[in-house]
Amino acid sequence: MGSLAKQLSLIVGQAFEDAGLPVELGDVRVSDRPDLAQFQCNGAMAASKIARKNPREIANDITQSLAENPVFAKLEIAGPGFINITMTDEYIQNYIASTMQEERMGVAQYAQSNQTVIVDYVGANIAKAMHAGHIRPTIIGDCVKRIVRFAGFNALGDVHIGDWGLPMGQIISEFELRHPEWPYFDDDFSGDYPKDAPFDYADLEKIYPEASGACKEDEARLILAQTATAKLQEGHKGYTALWKHFLKLSKDHIKANTDAMNVEFEIWKGESDVNYLIPEIAENLKDKSVLLESDGAYIIDVTDKADKKELPPLIFYKSNGAVTYGTTDLATIYDRLKTYDNIARMIYVVDKRQNLHFQQVFRASEKSGYTKDGLDLVHIGFGTLNGQDGKPFKTRSGELPRFDQLIQDANEKARARIDEANLAADLSEEDKQDIAKKVAMAALKFSDLSNQPHMDYIFDLDRMSSFEGKTGPYILYQAVRIQSLLAKAQDITKQTTALSINNDDRPLALLLTQLPDVFDLTYRSLSPHYLCDHAYNLAQEFSRFYAKCHILSEEDDAIRNSRLMLCQHTYKQLDLCLSLLGIDIPEKM
Ligand code: ARG
């Protein structure tokens, strides 16, 4: 059905067309000056260049031709030729009544048939504890997946674990130096390797930096690691068995951390999962003369004549035969194209510092012919999580804070805020904990998502956890308030009647008509901040409406029911916006 502004654009566009002008000039949007009008159309200025007429004159012609239409309460011309538009309450009521009844509340479907979209996010690496740097891809990736899913696509999240590069060989060789007696290192071993790892995740997390440090200091040590990496990639039995332990422990670690954020993955693959495809891809690309030898290595030239800056080649095989991060990403595209025949898009939510890498990979997929008509490869490069000093967020001892620690801090902060505000006072300890978790998630997610992904953003737990200002907790608080009001209303009225809006509730009603455009902007830009703004505006406008209007205490049945209906619609929209952001509303607070 489209937003109310879109519907008006059709009407006003028609008037432009009838005047012999391009229909798009009739584009209507929400007014910049809500004190003067609800909507505005600025097309007369552009029309004046085409028609060589004064823009005010054109605006006048257009408003005169619209004047007959009973949907307009007021049409005025302002400044050089802006058309200010105010609708009748009846028109707004009808629009709300018809769209809010719908499941999608007027939001369009964007997918044709059952198209698949893969969202690749988090990409945590084996044996390295998730840290502050994983907060943004977890939050943004999950939100993008929800947006794409609501747009109608079969959206699948892929965790794409970093499980195949040099770090694997570094850890394997470190274990081999420390425990040469383990069966994984005995080439003659023919029994079954131990089912459980002879170490736990904490050991793994400790050994990795030690191994990588040793490799930095000592060339011979590095060669050991490189050799082990190459042997693993060639399928060495013992190394593979050992590596499977790393993988299992690391997956458990990643799952526990992302579960705590209520973030899921449909695909639990990693870089290693495409290893078996690499020889076949190499053959294919040699045949196509896309894969070229260069100083013992194999590369793909990804340059294009039109490039302003020369892109370095994608290194497919290093001279020692090992594959690179670029190789596994290219092979993953190949794999996804084979696995999902209805694939429309792959969206990578990865640090913006990896932009060059994705340019190379995307270009290599084109040059290799690993693409299809209309396939869209997108890198959403997010900015850095900074501390309040504007520098990358670090602990006092100068390290990146751990992911689980950040979640715990956010939970504790939320709990303190709840107690401070004397919320949930009469609820059980268990309920309080549960509410604190939801408030913490709302704080973390909303503050991240209300920034555009590519911008760096300042992580300030104090500010984001506040129940005041543009925060997740503030919006949750308003949502819970509506919910409890509606719960009370159930005893009073079951049957809601038609809307009848007036001066006090009109701003809230008008805000509700914007959802389809808000979603459209969000989906097209894949930037969730539009949804955040809308949720915040709804919460604020509701709060004003609540302060001004009698709702439950309203004596006029028709008005009370109309207001309750407005509350219901507001809740439904807030719930949708928050659920797209990955935020759950507690039942009570
Ligand atoms: N493991 C990578 C890293 O830590 C991120 C993976 C992102 N996804 C991808 N398909 N490259 O930098």
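Read the numbers this way: they start at 1 and go in the same order the structure lists the ligands and their atoms. Predicted model only: the values in this text are computed from it and were never measured.
- Closest of all the heavy-atom pairs between G152 and Q109 is CA-OE1, 3.3 Å.
- Looking at I161, I118, D163, N125 and measuring to atom 1 (N) of ligand 1, the nearest heavy atom belongs to N125.
- Ligand 1 has no N or O atom lying under 3.5 Å from any N or O atom of A124, backbone or side chain.
- Between the side chains of H529 and D533, no donor-acceptor pair of N or O atoms lies under 3.5 Å.
- Contact annotation for D329 and ligand 1: only side-chain heavy atoms (C-beta onward) come within less than 4.0 Å of the ligand.
- Of the inter-residue distances, the one linking I299 atom CD1 with F316 atom CZ reads 12.5 Å to the nearest 0.5 angstrom.
- By the 3.5 Å distance cut-off applied to N or O atoms, Q354 is counted among the residues near ligand 1.
- Checking W164, Y121, F358, Y325 against atom 6 (C) of ligand 1, the nearest heavy atom belongs to Y325.
- K206 forms no cation-pi arrangement with F199, by the criterion of a distance under 6.0 Å to the ring centre and an angle within 45° of the ring axis.
- Close approach of ligand 1 to V350 (heavy-atom distance below 4.0 Å) involves ligand atoms 7 (C), 8 (N).
- In plain terms, the two heavy atoms of K438 and L476 that are nearest each other are O-CD1, 3.8 Å.
- Of all atoms in ligand 1, listed by their number and element, those nearer than 4.0 Å to a heavy atom of Y348 are 10 (N).
- Considering OG1 of T229 and CG of L224, their distance stands at 10.5 Å, rounded to 0.5 Å.
- For a threshold of 3.5 Å applied to N or O pairs, the pair formed by D120 and ligand 1 contains at least one separation below that value.
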